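Here's the structure, in structure tokens; my notes come after.
Proteins come first, then strands; the chains are lettered A, B, ... in the order of their sequence lines, and each starts at number 1. Owing to the predicted nature of the structure, the values given are computational and were not obtained by experimental measurement.
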Amino acid sequence: MNESLVPDMKDIVALCKRRGFIFAASDIYGGINGFWDYGPLGVELKNNLRDLWWKHMVTTPPVGPDGQPVQIVGLDSAIIQNPKAWEASGHVGGFSDPMVDCKETKLRYRADHLKIIRVDSPDKNLFFAFIEETSEEEMAAKVKKVLGKSVQIGAHESFLECVDKLHLIVAPDAKESGTLTPPKQFNLMFHTYVGATASEENKAYLRPETAQGIFLNFKNVMDSSRVKLPFGIAQIGKAFRNEVTPRNFIFRSREFEQMEMEWFCHPDEVETWMNFWFEERQKFWKNLGLSSDNLQMRQHGQDELSHYAKEGLGTSDIEYRFPFTAPDFGELEGIAHRCDFDLTAHSEHSGQKLEYTDPNDQKNRFIPHVIEPAAGLTRGVLALICEAYTPDPNRPSGVYLNFHPSVAPKKAAILPLTAKDSHVPLATKIYMDLREHYAVDLDIKQNIGKRYARQDEIGTPFCFTIDDQSNEDSTVTVRHRNTMKQERIAIESIRTYMEKEMALMAQ
RNA sequence: GCGGGUGUAGCUCAGUGGUAGAGCGUCAGCUUCCCAAGCUGAAUGCCGUGGGUUCGAUCCCCAUCACCCGCUCCA
């Protein structure tokens, strides 16, 4: 999207509510921060994206580098698992970030991203905190500015080692010492209690990612599904994170939906598969209509890697330029090399063997490495809506949603030109036939212009209109959403017409 | 969690210390051979929520909730 054409999120949110895509959760009670409901059209759009992902991954997975289709099976694991699973995965200990606030500057820092320099001066010892990016020169300059040029600059320490000396710490942008608060823990996992009594013994967690359910079932799938390495296990489902600040409509919400696939392969082949999936996943989003201008591929820096991806090939993101991130990009999908971190951790914690035995060499046993393409389903929905949103002052609705037909919540509208008996019965018949195959609307009321405008606003790609001529020669007009142009086709060819339009672009 | 802003009909917004309006949309009827056209009519709000001041609060004060922007974080 062109810089000047970036749509306003307020308009998108308003359209989503007005037409029934997305509502604030518990709207009549004033909403609840970080939760959203999907309305009649929103659930259609979300289901379409979900089903296309499932088809692309599980039903008709892509052809691998060797020319053979890859093997991926599905899974639907429970949202609540034994809490030991989250201790093993590192989420109980690591899925939280200690934060400190500066009372003077009102800025907030991640405690583990602060570095400290100890400075011994004649009158007193001070500790200077800096954000990670600060250069040695900048740090020295600040210290000398405060304490004079002759001071001795001491060794680096981590902030967490100095929490008992808060009163002596000068915050990165502060002038005085002692303005930092003690670090506060933000555990991002929701917890609940299983059973009638709420006590520590039966504390459990809502999953913060669907991936762990896959690792927990690795052995079950291996033992029951005749899969051979390399293979994948795919899962779509809700995940929950107690985000400090839910923001940007459904982009960062506390309850969201993920589409994750764990690809298990031999450690020697990770690079091949990492590249393969990175390419495949880009194709997927492009085929759904996200323009290459608004998509960006990015390697994670070493400092932002998750606990499971510190080694190996790291993480590559597929990012989308959302209106609220523009001109920057926001993450849509991450393709991570999780190494053997998860299977090893669960193996150690559970005492179960989670290794793979080479069928051609029974002595060759190893723990597979994992490449994980993890996409946000609800983020995908938002990207599709943002991409589709097209203001157009030259049409009555002023805007239309340019959905690819395969994701559009309604594929077509059947419109009798007038509400007369000469048009309605034939329109109804066409509707009854077509609805067996596609999500379509029959709209009889009000003038034709209003009905076209309504369909534009919800992104229906085609309107089939029945007029007098339809009764004479069994044809209808097709009105195209994007161009508003019309053509006449035979009623009996409507289905094949739509089938052709519905196909995704060449893969 | 911190700082700033906002909250009136489905949407966009006006308005006043004496419990509310417009445009658009929605619905019904008529009309209509193709783009929110025309005519007629209708429904809809405890003015975000809870307190306080006041004879009286949608308006003033306090709190709270939600949303937007920034910090932070993230699939």
Side-chain angles (χ1 to χ4, degrees), chain A residues 8-11 13-20 23-36 95-97 99-103 105-111 113 131 173 181 184-186 188 208-211 238-254 256-260 304 306 315 317-319 324 330-336 372-380 382 394-399 415-420 422-423 445-457 463 465-470 476-477 479 481 484-486:
Chain A
D8 194 330
M9 271 318 282
K10 272 198 283 190
D11 297 332
V13 173
L15 174 63
C16 283
K17 179 172 187 187
R18 189 168 70 244
R19 289 301 178 190
F23 309 122
S26 0
D27 204 5
I28 61 170
Y29 289 104
I32 176 166
N33 199 352
F35 298 88
W36 300 90
F95 204 57
S96 60
D97 303 305
M99 310 288 281
V100 290
D101 292 315
C102 175
K103 286 178 278 194
T105 60
K106 305 295 182 194
L107 294 171
R108 160 171 291 185
Y109 308 96
R110 256 181 77 165
H113 283 184
I131 57 172
D173 299 286
T181 63
K184 277 176 269 189
Q185 283 287 339
F186 292 89
L188 293 181
E209 61 175 22
T210 56
K238 295 259 182 167
F240 304 82
R241 290 186 191 179
N242 212 347
E243 294 289 350
V244 179
T245 314
R247 208 44 86 75
N248 291 328
F249 200 28
I250 59 171
F251 181 77
R252 187 184 312 139
S253 42
R254 289 182 167 135
F256 58 103
E257 217 158 339
Q258 293 183 304
M259 309 185 287
E260 297 194 294
E304 53 180 336
S306 316
T315 300
D317 281 347
I318 300 176
E319 300 185 323
F324 47 81
E331 183 172 348
L332 190 58
E333 170 157 357
I335 294 107
E372 173 197 75
L377 170 54
T378 36
R379 280 190 178 179
L382 183 57
N394 295 320
R395 68 174 68 205
S397 57
V399 65
L415 309 175
L417 186 58
T418 72
K420 290 177 191 164
S422 50
H423 299 151
K445 299 285 182 178
Q446 297 181 324
N447 74 63
I448 192 71
K450 286 193 181 192
R451 287 178 281 161
Y452 284 150
R454 261 200 297 266
Q455 298 300 333
D456 280 349
E457 238 188 359
C463 291
T465 303
I466 290 79
D467 55 16
D468 286 345
Q469 191 184 331
S470 304
V476 294
T477 61
R479 184 263 193 190
R481 174 195 61 205
M484 298 197 284
K485 294 229 170 76
Q486 285 174 269

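- In this structure, the side chain of Q258(A) engages the main chain of T210(A) through a donor-acceptor pair within 3.5 Å.
- The residues D456(A) and R451(A) are annotated as not salt-bridged, no charged nitrogen and carboxylate oxygen being separated by less than 4.0 angstrom.
- Between the side chain of R241(A) and the main chain of P208(A), a donor-acceptor pair closer than 3.5 Å is present.
- Every residue two or more places apart in sequence or in another chain that forms a side-chain contact (heavy atoms from CB on, under 4.5 Å) with N242(A) is listed here: F190(A), R254(A).
- Separating the C1' atom of U8(B) from that of A57(B) is a span of 14 Å, rounded to the nearest Å.
- Here G34(A) lies in heavy-atom contact (under 4.0 Å) with sugar-phosphate atoms only.
- Residues passing the ring pair (Phe, Tyr, Trp, His ring centres under 6.0 Å) test with Y452(A): none are found, sequence neighbours excluded.
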* To do: Any chance you could lay out the side chain to side chain contact (heavy atoms under 4.5 Å, CB included) test for I466(A) and L417(A), step after step, and finish with the verdict?
  => CA-CA 6 Å; I466(A) 290 79; L417(A) 186 58; over 6 Å; no
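- The Q486(A) side chain lies nearest to C35(B) when the options are U32(B), C74(B), C35(B).
- Qualifying side-chain contact (heavy atoms from CB on, under 4.5 Å) partners for A211(A), counting only residues two or more places apart in sequence or in other chains: E209(A), F215(A), E260(A), E262(A), R338(A), E372(A).
- With hydrogens and angles left out, the side-chain atoms of E257(A) and T378(A) include no donor and acceptor closer than 3.5 Å.
- If you take atom C1' in G45(B) and the same atom in C13(B), they sit 15 Å apart, rounded to whole Å.
- As judged by a 4.0 angstrom heavy-atom cut-off over every strand, S253(A) is placed among the base-contacting residues.
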N/O-N/O pairs, protein side and nucleotides 27-30 of chain B side, under 3.5 Å:
residue	atom	partner	partner atom	Å
C27(B)	OP2	Q446(A)	OE1	3.4
C27(B)	OP2	Q446(A)	NE2	3.4
G29(B)	OP2	K445(A)	NZ	3.0

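- Not counting sequence neighbours, the partners of K238(A) by the side chain to side chain donor-acceptor pair (under 3.5 Å) test are E255(A).
- Distance from the side chain of R247(A) is smallest to G70(B) among C34(B), G70(B), A66(B).
- Remark: side-chain polar atoms of R481(A) are not paired, donor with acceptor, to backbone N or O of Q455(A) under 3.5 angstrom.
- With hydrogens and angles ignored, no donor-acceptor pair closer than 3.5 Å exists between the side chain of E243(A) and the base of C74(B).
- The listed nucleotides are C67(B), G1(B), C34(B); the one nearest the side chain of W36(A) is C67(B).
- OP1 or OP2 of U32(B) has not a single side-chain nitrogen or oxygen of N447(A) nearer than 4.0 Å.
- Separation of the C1' atoms belonging to U54(B) and G41(B) is 42 Å when rounded to the nearest angstrom.
- Within 3.5 Å, a donor on the side chain of T477(A) pairs with an acceptor on the base of C34(B), or the reverse.
- Heavy atoms of R19(A) sit under 4.0 angstrom from at least one base atom.
- Remark: T418(A) engages K420(A), H423(A) in a side-chain contact (heavy atoms from CB on, under 4.5 Å) (not counting sequence neighbours).
- Under a 3.5 Å cut-off, the side chain of W36(A) and the backbone N or O of F249(A) do form a donor-acceptor pair.
- Using a 4.0 Å heavy-atom distance criterion, D467(A) is classed as a base contact.
- For the OP1/OP2 pair of C68(B) and a distance below 4.0 Å, the side-chain nitrogens and oxygens of N248(A) include no atom meeting the criterion.
- With sequence neighbours left out, the side-chain contact (heavy atoms from CB on, under 4.5 Å) criterion links Q446(A) to K450(A), R454(A).
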Contacts under 3.5 Å, N or O only, protein and nucleotides 19-24 of chain B:
none

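- When heavy atoms are screened at a 4.0 angstrom cut-off, A419(A) is found touching base atoms of the nucleic acid.
- Across all strands, R479(A) comes closer than 4.0 Å to base atoms (heavy-atom distances).
- The ring pair (Phe, Tyr, Trp, His ring centres under 6.0 Å) check on F324(A) picks up F251(A), F322(A), with sequence neighbours excluded.
- Rounded to the nearest Å, the gap between the P atom of G5(B) and that of C61(B) is 13 Å.
- Under the side chain to side chain donor-acceptor pair (under 3.5 Å) criterion, E333(A) pairs with R281(A), W285(A), sequence neighbours left out.
- Nearest nucleotide to the K450(A) side chain, out of U26(B), C73(B), C34(B): U26(B).
- Counting non-hydrogen atoms under 4.0 angstrom, F249(A) reaches the backbone sugars and phosphates but no base.
- In RNA chain B, the stems built from three or more successive Watson-Crick or G-U pairs (distances below 3.5 Å) are B:1-7 with B:65-71, B:10-13 with B:21-24, B:26-30 with B:38-42, B:48-52 with B:60-64.
- Nucleotides C62(B) and G25(B), compared at atom P, are 41 Å apart to the nearest Å.
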So which protein N/O to nucleotides 8-12 of chain B N/O distances come out below 3.5 Å?
residue	atom	partner	partner atom	Å
C11(B)	OP1	K17(A)	NZ	2.8

